[in-house]
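Here is the structure we will look at.
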Amino acid sequence: MKYILALDQGTTSSRSIIYDENLKAVATVQKEFTQHFPQPGLVEHDAAEIWESILETARGAIAMAGIKPSEIASIGITNQRETVVVWDRKTGEPVHRAIVWQDRRTGDFMSALREGGKEPLVQQRTGLLLDPYFSASKIHWILREIPDGHARAASGELAAGTVDSWLIFKLTGGASHVTDVSNASRTMLMNIRTGDWDADLMALFNIPRALLPEIVSSSGNLGKAVPALLGASIPICGAIGDQQSALFGQLCTKPGLVKCTYGTGCFLLVFTGSDAISSANRLLTTVAWRIGDQPLQYAVEGSVFMGGASIQWLRDGLGIIRSAPEVNELAARVNDSGGVYLVPAFTGLGAPYWDSEARGTLLGMTRGTTSAHIARATLDGIAFQVADLVTAMEKDSGKKITTLRVDGGACASNLLMQTQADLLGCAVERPSNIESTALGAAMLAGLGAGIWPNIETLAKIRSVDRRFEPTIMARDRRARLKMWKRAVKRSQKWAS
Ligand code: ADP
């Protein structure tokens, strides 16, 4: 039996999973790490702690599986995207805490670029919109913050990268400074059509090429873990950003296939094959993956900031449930939300609105409104936001989506999934294994190591747990979506 070690480096925890060659998870070890919030709007991680948490969980998973390290054919990495680490190449020590994707410190810098008319260039080259979310402005900020940052970057003394790049550097004992092309596509420094760093963008953010990793495929030969770390010299054959990994893990490998991950936020991605389709509806164009020396593959992406997080708000903010799964019980006490709408714009609205000044809004309450209606409106609010993304995607492609593949913690809610099918008017399909993110990285690592000859051989490994079909009339759907639109309007530009 051959095994694969998947390293899933998320925003709040690191996980290591050992899969066998039938993609059955035989051991999982997870560890949370510290979130640093130096000021409101600022989010940092200690990159050394991230590395230690990955190493510890990887060692733990190997021990738990009861296998020899030499039986692991390949390592696959998937990671929180956009978060940046800058480190000293010689010592391997970070020169600043990692700046996390959620961090808004470079908002003014990005607004200035937008006002300076730079958005069309950036969108055309990278498929992204000017927002502090992406890596470039965070690297720019670190180089200005540390002593002689620019000079040390230009001379090659420093190295920068997203979390995949950092982990591969550490795993290979500093031998490989690389990044996978899906992660690189989220930095705002790569031309997504050529798959190379873009000179104009590096100039715009004042980031020298000498600082940046080499861009490599998501599946292939990415380096070898040094034996002292995990007990054997294990090849690293897969690396991919978390959302692209979930897309691959759901086997959305034919153009038009769509997945939505319902985690803290919700991430909808449609695979578009070798076409990089520009969105006219403020969705992002991104690299899905590149396998070996095959052509670059693309996706269009839309994200919602408050997905499962709005259920957490019911628990921690309102205190009307004690645990996330309880939302289903409470919401099921009523047949509908009784005309209540919750727009969970607590941190603004993501695609397709991109309104950072929108705020959470609860509308339509009467004397008859109960906590059950609010719970139901919360589940509806998640499904409505995803429906807005699907509508934007359908407008871009001119094609109706027929099935939505779902994963992530909140897709466990049958009520949410049924509501989603009703609001979309299409089937919602939940696989038996909803851990698509780690699965995708394991699949890419296995393909890279030659455990399976091609993607087709993986298809039989995927099985469906449940399909949710729409149960409401088109007229009702339109009426509900119209009310939702009115509610969104009320929430917009509230903080400005
Ligand atoms: P992340 O990877 O973003 O941390 P997960 O995929 O682990 O997120 O999903 C966690 C989210 O799922 C939480 O926000 C929680 O509110 C929600 N969640 C977990 N279990 C359920 C459930 N049974 N019903 C509804 N929501 C749930």
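For ligands, and for the atoms within them, numbers begin at 1 and follow the listed sequence. The basis for the numbers below is simple: all heavy atoms, side chains too, and nothing from hydrogens, waters or symmetry mates.
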Pairs of nitrogen or oxygen atoms, one from ligand 1 and one from the protein, closer than 3.5 Å: please tabulate them with distances.
| unit_1 | atom_1 | unit_2 | atom_2 | d |
| --- | --- | --- | --- | --- |
| ligand 1 | 3 (O) | Thr264 | N | 2.9 |
| ligand 1 | 3 (O) | Thr264 | OG1 | 2.7 |
| ligand 1 | 4 (O) | Thr264 | OG1 | 3.4 |
| ligand 1 | 6 (O) | Gly409 | N | 2.8 |
| ligand 1 | 9 (O) | Gly409 | N | 3.4 |
| ligand 1 | 12 (O) | Ala410 | N | 3.3 |
| ligand 1 | 14 (O) | Gly308 | O | 3.0 |
| ligand 1 | 14 (O) | Gln312 | NE2 | 3.2 |
| ligand 1 | 16 (O) | Gly308 | O | 3.0 |
| ligand 1 | 24 (N) | Asn328 | ND2 | 3.1 |

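Electrostatic pairing of Arg81 and Glu301 counts as a salt bridge here, judged by a charged N lying under 4.0 Å from a carboxylate O. Taking the charged nitrogens against the carboxylate oxygens, Arg15 and Glu435 do have a contact shorter than 4.0 Å, which makes a salt bridge. Using a 4.0 Å cut-off between charged nitrogen and carboxylate oxygen, Asp422 and Arg480 do not count as a salt-bridge pair.
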Donor-acceptor contacts, no H, no angles, side chain residues 335-343, under 3.5 Å, sequence neighbours left out:
| unit_1 | atom_1 | unit_2 | atom_2 | d |
| --- | --- | --- | --- | --- |
| Asp336 | OD1 | Gly338 | N | 2.8 |
| Ser337 | OG | Val340 | N | 3.4 |
| Ser337 | OG | Val340 | O | 2.9 |

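Aromatic ring pairs are classed by plane angle as parallel below 30°, tilted from 30° to 60° and perpendicular above 60°; the pair His96 and Trp141 is perpendicular.
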Determine, stepwise, if the pair Val464 / Arg430 fulfils side chain to side chain contact (heavy atoms under 4.5 Å, CB included). CA-CA 6 Å; Val464 174; Arg430 185 169 64 199; over 6 Å; no
